[in-house]
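Report on the following structure.
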2 protein chains.
Amino acid sequence: MDKRILRTMLNETDSFFKMLADSTRLRCLMLMQAEGELCVCELTHTLNLSQPKISRHLAHLREAGVLVARRNGTWMYYRINPDLQGWALDILQTTLNGVRKTEPFVSDQKILGAMANRPGFKCCS
Amino acid sequence: MDKRILRTMLNETDSFFKMLADSTRLRCLMLMQAEGELCVCELTHTLNLSQPKISRHLAHLREAGVLVARRNGTWMYYRINPDLQGWALDILQTTLNGVRKTEPFVSDQKILGAMANRPGFKCCS
DNA sequence: TAATTATATACGCTTGAACATATATATGGA
DNA sequence: TCCATATATATGTTCAAGCGTATATAATTA
């Protein structure tokens, strides 16, 4: 764990909220809260934003300890850090419940659900 | 209700988190979540920050619809807007539960509790 | 009306964060 | 080894937001 992580790992409570205070990051987090781990290409496709923009925001979330990552081949999968403090996990779920029927979250879920050729996606199980 | 309020009144979810993403604002909100309405001088004393700084942050919170205000003589009392959406109120309470035993929130509560001459404070009932 | 207290706002400055674009790195397959 | 795909990072710029200081407004009391 490097210095950047130690510096920002929720030592200060408001740094957690800073991570939620950007619409791109919040949309990514809500998708992961709803769907579990997602890779960069799924988020790039779903939010229709540039790959560097998505990657940079995911890096921020990871450095802040909000996300953890796993590599599988060329794909990087990100998911919400299960070791987040309980109140932080609660807030993510409460937020999802609060926004899941509003835009842009409805559309995001829909677009992700309709995405073809998702890596690791098993059709017909 | 003026244009600024309409623009920021939680039409965008992340604007709510933007309001929580500043330590001064978060400390004020946690005190109000714990204590109910508070006036500017109580917050200025408790956080040991300049009056204009506190006032400006309270104005932001009010414009965003997170706080409502009431005047009583020369004092302005602010409190969490009871008409906030349920999920937003839940998040404030969850956050308070999560941080109430950590700094700077412990000290803030202590200093406020020990403050002398609080306006509207009835000694010996 | 004048003085005092409490609060709000205006101004100029600084800084951090987000952005677009370009480029680097990493993995897997031919 | 070379290429293609997926992802990460670097660079320079722009802009929003916070800050301190000064000043304005509002209510109260003399």
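Atoms considered below: every heavy atom in the structure, side chains included; atoms not considered: hydrogens, waters and symmetry mates. Here the structure is a predicted model, which is why all the values come from computation and not from measurement. Throughout, a chain's letter reflects where its sequence line sits, starting with A, and its residues are numbered from 1.
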Examine [X] and [Y] and state if one hydrophobic cluster contains both, with Ile, Leu, Val, Met, Phe, Trp and Tyr joined whenever side-chain heavy atoms are less than 4.5 Å apart.
X      : Y      : value
A/L29  : A/I111 : no
B/L96  : A/I91  : yes
A/L112 : A/L47  : yes

If I take atom [atom1] in residue [X] and atom [atom2] in nucleotide [N], what distance separates them, rounded to the nearest angstrom?
X     : N      : atom1 : atom2 : value
A/L61 : C/dA17 : CG    : P     : 13 Å
A/L47 : D/dT7  : CG    : P     : 14 Å
A/K53 : C/dT21 : NZ    : P     : 12 Å
B/I54 : C/dA6  : CD1   : C1'   : 14 Å
B/R71 : C/dT7  : CZ    : P     : 8 Å
A/L49 : D/dT7  : CG    : C1'   : 16 Å
B/N72 : C/dT5  : CG    : P     : 19 Å
A/L58 : C/dA18 : CG    : C1'   : 15 Å

[X] [atom1] to [Y] [atom2] distance, which is reported to the nearest 0.5 Å:
X     : Y     : atom1 : atom2 : value
A/L61 : A/T24 : CG    : OG1   : 10.5 Å
A/R79 : A/Q33 : CZ    : CD    : 13.0 Å
B/L43 : B/L49 : CG    : CG    : 10.0 Å
A/L67 : A/L38 : CG    : CG    : 10.0 Å

Would you call the rings of B/W87 and B/F16 parallel, tilted or perpendicular, where under 30° means parallel and over 60° means perpendicular?
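Perpendicular.
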Any B/H57 side-chain nitrogen or oxygen under 4.0 Å from OP1 or OP2 of D/dA17
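Negative; the distance criterion is not met.
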So, does A/Y78 get its side chain near the phosphate of D/dA8, meaning an N or O under 4.0 Å from OP1 or OP2?
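Checking D/dA8 against A/Y78, a side-chain N or O does come within under 4.0 Å of OP1 or OP2.
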Assign B/R56 to base, sugar-phosphate, or nothing according to its heavy-atom contacts below 4.0 angstrom with the strands shown.
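Counting heavy atoms under 4.0 Å across all strands, the contact made by B/R56 includes a base.
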Under-3.5 Å N/O pairs linking protein and nucleotides 1-6 of chain D:
| unit_1 | atom_1 | unit_2 | atom_2 | d |
| --- | --- | --- | --- | --- |
| D/dA6 | O3' | A/T74 | O | 3.4 |

Which nucleotide in the set C/dA8, C/dA20, D/dT9 lies at the smallest distance from any side-chain heavy atom of A/A59?
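For the A/A59 side chain, the nearest candidate turns out to be D/dT9.
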Nearest-nucleotide pick for B/S55, side chain only, options being D/dA8, C/dA20, C/dT9:
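In terms of side-chain proximity for B/S55, the closest of D/dA8, C/dA20, C/dT9 is C/dT9.
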Report yes if a donor N or O on one partner sits less than 3.5 Å from an acceptor N or O on the other, where the partners are the side chain of B/Q51 and the base of C/dA6; otherwise report no.
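A donor-acceptor contact between them is absent.
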Interface residues of residues 17-31 of chain B with DNA chain D (non-hydrogen, below 4.0 angstrom)
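Per residue number, the list reads B/D22, B/R25.
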Evaluate the side chain to side chain donor-acceptor pair (under 3.5 Å) criterion for residues A/S55 and A/Q51: first the C-alpha distance (whole Å), next the side-chain angles of each, then the deciding distance (0.1 Å), finally the verdict.
CA-CA 6 Å; A/S55 261; A/Q51 178 269 318; 3.1 Å; yes
